[in-house]
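What you see is a predicted model, and the numbers here were worked out from it, not measured in a lab. By convention in this document, chain letters (A, B, ...) are assigned in the order of the sequence lines, proteins followed by strands, and residues within each chain are numbered from 1.
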2 protein chains.
Amino acid sequence: MAILFRPFLPIDKTHWIPLLQQELKDLDFRVWPNIGDPADITYYMGWEVFEGDIDAYPNLHAFLSLRAGVERFIGNPNFPRNAKLIRMIDPGLTESMVEYVISYVMRFHREHDKMPEYLEPPWGRLLPKRAGATSVGLMGMGHIGQSCAQKLVSLGFHVQGWSQSKKNIDGVKSFAGHSELDTFLSSTDILVCILPLTPQTSGILNKDLFYKLPKGAAIINVARGKHLIEEDLVSAIQDGQIGVAALDVFRKEPLPKDHPFQNIDLILTTPHIAGITSPDTAVPVMRKTITDIESGHLPDGLVDIEKGY
Amino acid sequence: MAILFRPFLPIDKTHWIPLLQQELKDLDFRVWPNIGDPADITYYMGWEVFEGDIDAYPNLHAFLSLRAGVERFIGNPNFPRNAKLIRMIDPGLTESMVEYVISYVMRFHREHDKMPEYLEPPWGRLLPKRAGATSVGLMGMGHIGQSCAQKLVSLGFHVQGWSQSKKNIDGVKSFAGHSELDTFLSSTDILVCILPLTPQTSGILNKDLFYKLPKGAAIINVARGKHLIEEDLVSAIQDGQIGVAALDVFRKEPLPKDHPFQNIDLILTTPHIAGITSPDTAVPVMRKTITDIESGHLPDGLVDIEKGY
């Protein structure tokens with residue numbers, strides 16, 4: 001039994017590897033490319049699966065994704081449909097995502113990006129809309145979506161969620177499936193996309209969807225760049241159907257300097273920093289996943305490969 | 001016994017007067033200038049006291065301020081030192097203020113205004129700082145300050161407050177008085193000013209104070225324009241001592257178009273919209289104040305005129 005870590009990001013060397021070495025010091029922990037005998041490798045930890053890794057380890061028990069979204073494993077056509085794949089459920093990443101969502105939800109709710117319009121007399125003296133009068137619609141009600149929902153409820157917002165199956169969360173109105181999408185959208189002032197990327201959700205943030213929201217609605221995308229048809233957002237912002245958007249993810253990252261988003265004030269972009277798996281909180285989770293699998297328990301985050309999450 | 005309302009803002013006619021007429025329909029409610037016999041007037045409700053109002057009503061029981069801050073009553077040198085003055089404690093205003101503070105605290109904590117610096121490779125992939133690693137320092141721990149503190153604690157921030165006297169609030173470190181100010185400042189990453197405006201607090205946000213904060217600290221002022229020495233903030237931003245600021249109040253409002261703040265990206269301004277007394281929640285409070293005074297009870301919000309709040 002050996003665990004192979006596949007480095008990919010600069011923080012792997014500075015953060016991940018030292019913490020994993022410490023946490024797994026009683027186990028055989030190896031860092032690619034120092035694989036040793038491939039037949040030893042039972043766990044593969046990484047941000048994605050690389051060519052050459054898929055079939056290289058004949059005794060592999062599981063792939064442990066460092067990301068919450070696993071499309072860079074499943075999306076590979078050679079990825080074995082019967083593999084055990086665990087997505088990351090990291091409390092640190094969840095906390096970061098929730099913070100990001102609260103930041104932009106509050107900013108859009110209070111219209112801080114429309115302030116120049118209010119600078120003419122009578123200056124100020126508006127009655128601000130309070131949270132209970134703003135409806136936040138979360139698309140995707142997995143672990144992160146539910147955490148966002150709970151915090152937004154505690155801040156007084158009207159919160160509703162849309163997901164594959166109905167969810168029962170205190171104070172959150174649940175919509176499920178294609179048939180309830182239009183009703184969900186028509187009553188959403190601020191839409192937050194936290195969906196997994198699957199063939200069904202790819203491109204879901206498109207012109208059709210935008211025009212089912214109330215005029216002037218806000219969009220926040222913290223999921224994946226491919227959820228959004230980028231040119232549709234540009235048009236919807238230009239004609240005022242979408243009032244403002246915050247995007248953390250893009251089809252091409254880094255966002256090219258000549259991308260239309262770079263010159264539209266009401267499209268706020270951040271460089272994929274809403275949430276990233278945090279080694280301090282995630283390493284203990286990975287330890288537990290291995291322990292669970294080794295003792296024959298079902299680990300948290302086991303992916304249904306057909307559903308894609 | 002009669003209640004006189006002194007209109008001042010456009011929303012008085014559209015919001016305040018109709019709601020007050022409804023709430024006080026069993027009482028003698030009058031709207032200036034239709035005063036009737038000045039000797040009838042026992043309560044004066046208004047945003048401030050106007051010349052001619054101070055001595056006009058020989059049987060006045062109390063001034064009821066529509067604002068949380070009462071410097072526009074007390075600041076008038078003719079305002080009687082023995083008058084009963086009630087400041088507004090409005091749950092609606094508190095909620096709005098808390099929302100505003102959360103919006104900018106979260107935005108500054110997550111450095112959303114520094115994103116351009118992060119656009120060079122390696123793009124993104126930073127480990128975001130989580131709320132527990134950011135210290136929010138609230139100057140002013142009255143009703144609004146305490147409400148901000150509680151919500152910020154629930155969002156995971158390290159929260160500390162500075163006030164005249166020590167406060168005992170779950171999860172909030174309390175500093176009091178001049179002697180503890182420097183320690184409070186040196187451990188504050190994001191400073192929020194919610195102080196009442198008094199001769200002691202006027203100009204408190206100045207160069208001296210800025211340089212006692214950690215380099216790059218953020219400032220949020222939702223109190224009064226006169227708390228801030230505006231030119232000191234410009235210099236402190238220019239040399240990086242203050243990283244970013246959100247200001248809702250100014251020495252001159254509306255903020256003049258040629259004011260230096262208008263051209264500094266890291267000074268974010270809003271037109272005095274952080275919180276305003278909200279008639280729907282405040283009118284019942286005013287009713288209760290009158291009932292309390294009429295039945296000989298001490299009303300909430302009774303101002304200590306010497307202290308100024």
Side-chain angles (χ1 to χ4, degrees), chain A residues 8-11 14-15 92-93 95-112 115-132 151 154-156 246 248-249 253-255 257 262 268-281, chain B residues 8-11 14-15 92-93 95-112 115-132 151 154-156 246 248-249 253-255 257 262 268-281:
Chain A
F8 176 59
L9 298 181
I11 54 169
T14 53
H15 292 73
L93 178 143
E95 203 182 313
S96 296
M97 282 281 194
V98 171
E99 288 180 3
Y100 184 99
V101 167
I102 288 174
S103 177
Y104 284 101
V105 164
M106 205 51 108
R107 176 170 171 171
F108 295 165
H109 157 63
R110 289 298 293 270
E111 303 189 309
H112 288 158
M115 286 301 139
E117 294 175 19
Y118 295 150
L119 289 174
E120 297 306 309
W123 196 70
R125 312 306 179 203
L126 299 166
L127 285 175
K129 198 176 166 191
R130 297 203 300 273
K151 275 283 189 256
S154 81
L155 293 172
D248 188 51
V249 288
E253 297 181 1
L255 187 64
K257 285 196 198 300
Q262 303 279 21
L268 310 171
T269 63
T270 51
H272 206 135
I273 47 76
I276 183 167
T277 311
S278 185
D280 62 323
T281 47
Chain B
F8 176 59
L9 298 182
I11 54 168
T14 53
H15 292 73
L93 177 144
E95 201 181 315
S96 296
M97 283 280 193
V98 171
E99 289 180 4
Y100 184 99
V101 168
I102 288 174
S103 176
Y104 283 102
V105 164
M106 204 52 108
R107 176 170 171 171
F108 295 164
H109 157 63
R110 290 299 295 269
E111 303 189 310
H112 287 158
M115 287 301 139
E117 292 175 19
Y118 295 150
L119 290 174
E120 297 307 308
W123 197 70
R125 312 307 177 201
L126 299 166
L127 284 175
K129 197 176 168 190
R130 298 203 301 273
K151 275 284 189 258
S154 80
L155 293 172
D248 188 51
V249 287
E253 299 183 359
L255 187 65
K257 286 197 197 301
Q262 303 279 22
L268 311 171
T269 63
T270 51
H272 205 137
I273 48 76
I276 183 168
T277 311
S278 185
D280 62 324
T281 48

Ranked by heavy-atom pairs below 4.5 Å to chain B, first place among A:Asp280, A:Val98, A:Val105, A:Thr277 goes to A:Asp280
Who pairs with B:Phe108 by ring pair (Phe, Tyr, Trp, His ring centres under 6.0 Å), at least two apart in sequence or on another chain? B:Tyr104
Go through the atoms of B:Thr14 and report whether side chain, backbone, both or neither lie under 4.5 Å from a heavy atom of chain A. neither
Which atoms of B:Leu268 approach chain A - backbone, side chain, both or neither, heavy atom under 4.5 Å: neither
Checked B:Ser154, B:Ser103, B:Gly92, B:Pro279 vs chain A; the most non-hydrogen pairs under 4.5 Å come from B:Ser103
Name the member of B:Ala274, B:Gly156, B:Gly275 that forms the most heavy-atom pairs with chain A at distances under 4.5 Å. B:Ala274
Candidate list B:Lys129, B:Arg110, B:Arg130, test salt bridge (Lys or Arg N to Asp or Glu O under 4.0 Å), partner A:Glu95, passing option: B:Arg130
Specify the closest pair of heavy atoms between A:Ser96 and B:Pro128, including all atoms of both residues, with the distance to one decimal. OG-CG, 3.6 Å
Which region of A:Leu93, side chain (C-beta onward) or backbone (N, CA, C, O), has a non-hydrogen atom less than 4.5 Å from a non-hydrogen atom of chain B, or is it both or neither? neither
Does A:His112 form a side-chain contact (heavy atoms from CB on, under 4.5 Å) with B:Ile273? I'd like the steps, not just the answer. CA-CA 10 Å; A:His112 288 158; B:Ile273 48 76; 4.2 Å; yes
Under 4.5 Å between any side-chain heavy atoms of B:Met106 and A:Met106, yes or no? no
